[in-house]
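Take a look at the structure below.
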Amino acid sequence: MRPECRRRLLAWFDKSQRELPWRQTRDPYRVWVSEIMCQQTQVATVIPYYLRWMERFPTLPDLARASEEEVLLQWQGLGYYRRGRMLRTGAQQIHQQGWPASALEWRSVAGVGPYTAAAIASICLGEPVAVVDGNVERVYARFMGDSTPGESLQRPAAAWAQAWIDPSRPGDWNQALMELGALICRPQQPQCSQCPLASECRAKTEGRIDQLPVPKTRRPTVELRLLTLVPVFGAELGVELISEGSWWKGLYQFPTAKSRPVAIQGPTLALLPRVRHQVTHHKLAFESELIQMAHRDSSLFWFPSDQACPWPLPVPQQKILAAARDFLNSHSPTR
DNA sequence: AAGGCGGGGAC
DNA sequence: GTCCCAGCCTT
């Protein structure tokens, strides 16, 4: 890459960058939260969560003092719930020890890996450390015409990005590469005609744009069926804590036939519509029965069916809850 | 080095 | 349907 290229990329970034809620600040708390939320999650998905989060936890102490359940409730629907838990743990660390003063120190904060440490340090501290995310790997592979397969791109991409980082604007350089990957050098249908680097892009000049980067290997999809029981007592529904060793452990779910083989018995009110959901390489199909309970089983957590569940539910459970409400509303005696 | 971990945007 | 997203942690 020539210095001229670097200048063009930064000029493009100055002109074309999106206005994002965390771009108006160098407050490490806000930048940190945004970086954690953005892990493996598209920016458009993050924005509403980020805005709600900042209303509920405006400052680091607010987060450090919050309960894990309250944090998970805010995180509900974002996925990768360990991120939320570790954000809280990290807030407690920083609340005690003070703010990290370098990328290296950021690495010791819970949930902060090489990418996040470099992102925060470059943006908030002006430290010249390059980030490598999926965008940077893709831009690198195409720009340099590197056909290293996806799993192994990180190392060469890191060396390249670090060699060309602008020491006077490290945060902008990092964000410019990622923004280019998100807006122009997209996985499918890259907009090469608008790319500030097109003239020196090897994939472009060699006509290999649609062959780079070489994709990662994928695991075959596994399909699973699960039977869920939705306990009803009066106007309330019961959920249970998801145990260790299951997906979404620590969140809540309607009991499954497997987790509660005998405790839940009673007449079936309805078979609810099947809920489909995808988890990594698994396809899940939830089949749910609404069960009339004879008593308010104290081993379950009960809440009014017409109110929001006060405990964090993973998305498929939210869909089951919606289906149960639909049924109860259309069959309520007052209707 | 490989696997686990969510959910959804965009085509 | 497909691919993959501002990754990290554990084994």
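The analysis underlying the following values was restricted to heavy atoms, covering all of them including side chains, and did not include hydrogens, waters or symmetry mates. Chain identifiers are assigned alphabetically (A, B, ...) following the order of the sequence lines, protein sequences preceding nucleic acid strands; residue numbering begins at 1 within each chain.
- Taking atom NE2 of A/H281 as the reference point, atom P of B/dG3 lies 9 Å away to the nearest angstrom.
- For A/E236, the salt bridge (charged side-chain N to carboxylate O under 4.0 Å, His left out) partners are A/R296, not counting sequence neighbours.
- Here A/I120 lies out of heavy-atom contact (under 4.0 Å) with every strand.
- Residues forming a side chain to side chain donor-acceptor pair (under 3.5 Å) with A/D133 (at least two apart in sequence, or on another chain): A/N135.
- Taking the salt bridge (charged side-chain N to carboxylate O under 4.0 Å, His left out) definition, one finds that A/R218 meets it with nothing, sequence neighbours left out.
- Within the 4.0 angstrom heavy-atom criterion, only backbone atoms of the sugar-phosphate kind lie near A/T116; the bases stay farther away.
- Note that CZ of A/R18 is 4.0 Å distant from CD of A/E179, once rounded to the nearest 0.5 Å.
- In this structure, A/L87 places its CG atom 14 Å from C1' of C/dG7, rounding to the nearest Å.
- Each of A/P187 and A/A117 lies near DNA chain C, and the nucleotide nearest A/P187 is the one positioned closer to the 5' end.
- Closest approach of A/L153 to A/T148, counting heavy atoms only: CG-O, 3.6 Å.
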Practice task
Summarise protein proximity over nucleotides 5-11 of chain B in one line of letters, 5' to 3': B for base, S for sugar-phosphate only, - for none, counting protein heavy atoms closer than 4.0 Å.
Solution key: BBBBB-S
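- Residues from residues 126-154 of chain A placing a heavy atom under 4.0 Å of any atom in DNA chain C, listed by number, are A/D133, A/G134, A/N135, A/R138.
- Crowding of A/K319 atom NZ: a count of heavy atoms from other residues, nucleotides or ligands under 6.0 Å exceeding 12.
- To the nearest angstrom, P of C/dC4 lies 13 Å from CG of A/D210.
- Looking at A/Q40 and A/R83, their side chains never bring a donor and an acceptor atom within 3.5 Å of each other.
- By the 4.5 Å heavy-atom criterion applied to side chains, A/F13 and A/W173 are not counted as neighbours.
- Within the 4.0 angstrom heavy-atom criterion, no nucleotide atom of any strand lies near A/M37.
- Separation of the P atoms belonging to C/dC8 and B/dG8 is 22 Å when rounded to the nearest angstrom.
- Residue-level contact check: A/V112 touches the backbone only, with heavy atoms under 4.0 Å from sugar-phosphate atoms and none from bases.
- One atom, CZ of A/R85, and another, P of C/dG7, lie 20 Å apart when rounded to the nearest Å.
- The shortest side-chain heavy-atom distance between A/L237 and A/V232 falls under the 4.5 Å cut-off.
- Nucleotides C/dA6 and B/dC11 are separated by 14 Å at their P atoms, to the nearest Å.
- Scanning for salt bridge (charged side-chain N to carboxylate O under 4.0 Å, His left out) contacts around A/E4 gives A/R7, A/R8, with sequence neighbours left out.
- In this entry the distance linking CD of A/E179 with C1' of C/dC5 reads 14 Å, nearest Å.
- To the nearest angstrom, C1' of C/dC5 lies 15 Å from CD1 of A/I36.
- Using a 4.0 Å heavy-atom distance criterion, A/R219 is classed as a sugar-phosphate-only contact.
- Taking atom C1' in both C/dC4 and B/dG6, one finds a spacing of 13 Å when rounded to whole Å.
- Counting any heavy atom pair closer than 4.0 Å across all strands shown, A/W32 reaches no nucleic acid atom.
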